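Worksheet: the structure to be examined is printed underneath.
Order of the sequence lines fixes the chain letters, A, B, ..., with proteins taken first and strands second; residue numbering starts at 1 for each chain. Keep in mind it's a predicted model, so treat the numbers as computed, not measured.
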Amino acid sequence: MTQLALVIDLNVCVGCHACVTSCKEWNTSGTAGYMSDYNPYDKDPTGTFFNRVQTFEVGEFPNTQTVHFPKSCLHCEEPPCVPVCPTGASYKRELDGIVLVDYDKCIGCKYCSWACPYGAREIDENQKVMKKCTLCVDRIYDETLPESERKPACVLACPTSARLFGDVNDPDSNVSEQIRDNGGYQLMPEWGTKPANHYLPRRKTNITIHRDELTRVDNPLNKERQLPMPDDDDQTLDDIMSW
Amino acid sequence: MHPAFSVIFLTTLIGVGQGLFLALYTGQLYSVIKVLPVQDSPGFYGYGSLLALVFLVGGLFSSFFHLGRPERAWRSAAKWKTSWLSREVIVLPAFMGTTFIYSMIHISGWNPVLFSLSDALVVDLSLFVGGINMVLAFALFICTAMIYACVKFLQEWATPLTVVNYVLLGMASGFALSTAFASYVESDLIHFYGGWAIVLTVAAFITRSASLIRNNNIKYKSNLSSAIGIRHTSIKQKAQGSMGGSFNTREYFHGAKPSLFKSIKWIFLVLAFVVPVALLTSALATDMFILFLLAFIVQYIGLMAERWFFFAQANHPQNLYYQSL
Ligand code: SF4
Ligand code: SF4
């Protein structure tokens, strides 16, 4: 069964909020209708968002790390928000595992927002219905868009590619590979919600260089053998040496 | 959580309605098995259950203020298989309807005998309908309480004590009202109801205190480390993702000063339990209607404070993402 999800790489997120603004832009003008704002240009602006970026400082100075933490609905595989909904407005799609709210059925009772441990749902104070991330369900299947753009707006906007999108149940997908290779984890696993979205932790960036990669095989000077091969522990410069 | 007045009124008002009906029906049941004297059918059971209905209607009315889209409220009966809220939405009107029928049977006097179990035990229509309604009253208590008790990560609520408290608090206030009602119509059941009102209030005091003690010692399963998945003992939040707050900062925090929060606890313990028991005791000694009425009113105010505290005390795990509140 397909389970679409986001994988968010905390190692490269720079906290620029591009995903927040592109999410709002796409969804406020999308099929879901606008996402209300209050005092947008005034003191204490507030409004409805599907995605927010928070910032945490880990450790004590001088050994600190600044972690930017994007947060949206995790499209849980066992979503506690769905069974509590009295109207059936909240549901999880069989097709791709996306958790959605039917805005025409929702009565705005807020019970689902109590039942989400992550605080991923927000009521739209103006339309009085519950809203949350849709994984841009209205663009990922849109065949009028070029294939490369059939991704959630936040994923396309991220300048550092900190957001990956794909099927976490397909072991060969890019997201599954990233989760496997880079220690992808879920938030609050203790509640058994099985969030589909995963996060990749902070990690040291290592590259492995093999010995043969240290020698330039396509060095044009090599052909002519104009200059002698340097000793192994000598310094080398591409332009003046043959090896 | 942020306590919503619509829900405070809903849960306390229907609790009184359910408790009052149960008190009246207990009276009728006991009179059938000749433990208690029979009451005037229309004047006591009939108008008494109409009074219960008034409280139920009040509760239902205030519940609409909790909904963003009250005009769609009928849709909420759809998912009764999974949602306790949906079950409550079905049971509450059923209980109201049956209470109305029960009251009408008594007021109209059309009360045919259905069957008799023995010479002494004759089951008439009102007894039968009342029996069904008694089951509905308890079902409604369970539905209301389970709405809160079933959310497992709201650890203050996720305990059987929540259900026990809703039942006992509702019954205590209903029996207190039935005592005042019995005193008003000058029925001879004042002492029966007054006694039970005291017993139920004391029982509710014990179970509510048990839940307060339990909640004081709660070990939270989630912490900031599990919330963001970073294992470190020192994590400070620098930004919450919004400037003027958000739904997350408004809905899940009670927003009261710690001193007020603490004092509400003592206020409700005094108003819902101590004062009513004292008033009921002195009222039973003097048989003064005004004291019975006062006992009920004070207890009701105490229960509103209790419900406020019930909501405010629940600590939602999403608050971990909002450390600076
Ligand atoms: S993150 Fe919250 S809203 Fe999203 S599926 Fe999970 S429980 Fe539901
Ligand atoms: S707010 Fe809407 S989606 Fe949420 S539980 Fe209520 S009806 Fe369902």
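Here the side chains of A:Glu60 and B:Lys236 are in contact, with some heavy-atom distance below 4.5 Å. B:Gln318 has its side chain out of reach of A:Tyr118: every pair of non-hydrogen atoms, C-beta onward, lies at least 4.5 Å apart. Between A:Ile107 and B:Pro70 the shortest side-chain heavy-atom distance does not fall below 4.5 Å. Considering only heavy atoms from C-beta on, A:Ser113 comes within 4.5 Å of B:Tyr252 through its side chain. Taking the side chain as every heavy atom from C-beta outward, A:Lys71 and B:Asn248 approach each other to under 4.5 Å. The closest side-chain heavy-atom distance from B:Arg69 to A:Cys106 is not below 4.5 Å. Here the side chains of A:Asp124 and B:Phe247 are not in contact, with every heavy-atom distance at 4.5 Å or above. Proximity of A:Val67 to B:Ile230: side-chain heavy atoms (C-beta onward) are separated by under 4.5 Å at one or more points.
Atom CZ of A:Phe61 sits about 13.0 Å away from atom OG of B:Ser234, to the nearest 0.5 Å. Here the straight-line distance linking atom CZ of A:Arg202 with atom NE2 of B:His232 works out to 12.5 Å at 0.5 Å rounding. Rounded to the nearest 0.5 Å, atoms CZ (A:Phe56) and NZ (B:Lys238) are 11.5 Å apart. The CG atom of B:Leu85 sits 9.0 Å away from the OG1 atom of A:Thr87 when rounded to the nearest 0.5 Å. The distance from atom NZ of A:Lys105 to atom NZ of B:Lys79, rounded to the nearest 0.5 Å, is 7.0 Å.
For A:Val20, no part sits under 4.5 Å from any heavy atom of chain B, backbone or side chain. Of the atoms belonging to B:Ala314, not a single heavy atom falls under 4.5 Å from chain A. In this structure, the portions of B:Ala227 lying under 4.5 Å from any heavy atom of chain A include both its backbone and its side chain. At a 4.5 Å heavy-atom cutoff, the contact between B:Ile228 and chain A is made by backbone and side-chain atoms alike. Residue A:Gln65: no heavy atom, backbone or side chain, is found under 4.5 Å from chain B. With a threshold of 4.5 angstrom between heavy atoms, A:Val58 approaches chain B through its backbone and through its side chain. For a residue to count as touching a neighbouring chain, one of its non-hydrogen atoms must lie under 4.5 Å from one of that chain's; by this rule B:Glu71 does not touch chain A. Of the two parts of B:His66, the backbone and the side chain both hold a non-hydrogen atom closer than 4.5 Å to a non-hydrogen atom of chain A. Using a 4.5 Å cut-off between heavy atoms, B:Arg250 touches chain A through its side chain atoms alone. Interface residue A:Lys110: only side-chain heavy atoms are found under 4.5 Å from chain B. Interface residue A:Pro80: only side-chain heavy atoms are found under 4.5 Å from chain B. For B:Val89, no part lies near chain A; criterion is any non-hydrogen pair under 4.5 Å. Both the backbone and the side chain of B:Ile147 come within contact range of chain A, judged by heavy atoms closer than 4.5 Å.
Crowding of A:Tyr141 atom OH: a count of heavy atoms from other residues, nucleotides or ligands under 6.0 Å exceeding 12. Surrounding NZ of A:Lys151 are at most 12 heavy atoms belonging to other residues, nucleotides or ligands under 6.0 Å away. Other residues, nucleotides and ligands contribute only 12 or fewer heavy atoms inside 6.0 Å of the CZ atom of B:Arg231. Applying the 6.0 Å contact sphere to CZ of B:Phe61 captures no more than 12 heavy atoms from other residues, nucleotides or ligands. Annotation for B:Phe311: atom CZ counts as buried by contact number, over 12 foreign heavy atoms lying within 6.0 Å.
Between chain B and the residues A:Arg121, A:Lys43, A:Gln186, A:Met130, the largest count of heavy-atom pairs under 4.5 Å involves A:Arg121. Most heavy-atom pairs under 4.5 Å with chain A: of the set B:Ser86, B:Ser83, B:Gly245, B:Pro317, this distinction falls to B:Ser83. Counting heavy-atom pairs closer than 4.5 Å to chain B, the top residue among A:Cys116, A:Ala120, A:Pro70, A:Ala89 is A:Cys116. The candidate with the highest count of non-hydrogen atom pairs below 4.5 Å against chain B, out of A:Pro86, A:Cys85, A:Gly108, is A:Pro86. Interface remark: of the candidates A:Thr48, A:Val53, A:Ile123, A:Ile123 forms the most heavy-atom pairs closer than 4.5 Å to chain B. When the candidates A:Pro45, A:Pro83, A:Pro117, A:Pro201 are compared by the number of heavy-atom contacts under 4.5 Å with chain B, A:Pro117 comes out ahead. Among the candidates B:Ala78, B:Ser226, B:Ser242, the residue making the largest number of heavy-atom pairs closer than 4.5 Å to chain A is B:Ser226. Interface remark: of the candidates A:Asp42, A:Asp44, A:Thr55, A:Thr55 forms the most heavy-atom pairs closer than 4.5 Å to chain B. Chosen from B:Thr82, B:Thr233, B:Val7, the residue pairing most often with chain A at heavy-atom distances under 4.5 Å is B:Thr82.
When all heavy atoms are compared, the tightest approach of B:Arg75 to A:Asp104 is NE-O, 3.8 Å. For B:Leu67 against A:Cys109, the heavy-atom pair with the smallest separation is CD2-CB, 3.6 Å. The nearest pair of heavy atoms linking B:Phe153 to A:Ala115 is CZ-O, 2.7 Å. The shortest non-hydrogen separation linking A:Tyr111 to B:Met146 is OH-O, 4.3 Å. Heavy-atom minimum distance, B:His316 versus A:Trp114: NE2-O, 2.7 Å.
The backbone N or O of B:Gln237 sits nowhere less than 3.5 Å from a side-chain atom of A:Glu57 that would complete a donor-acceptor pair.
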ask   = Could you go step by step and tell me if A:Glu190 and B:Ser222 meet the side-chain hydrogen bond (donor to acceptor under 3.5 Å, both in side chains) rule?
value = CA-CA 7 Å; A:Glu190 59 272 24; B:Ser222 296; 2.6 Å; yes
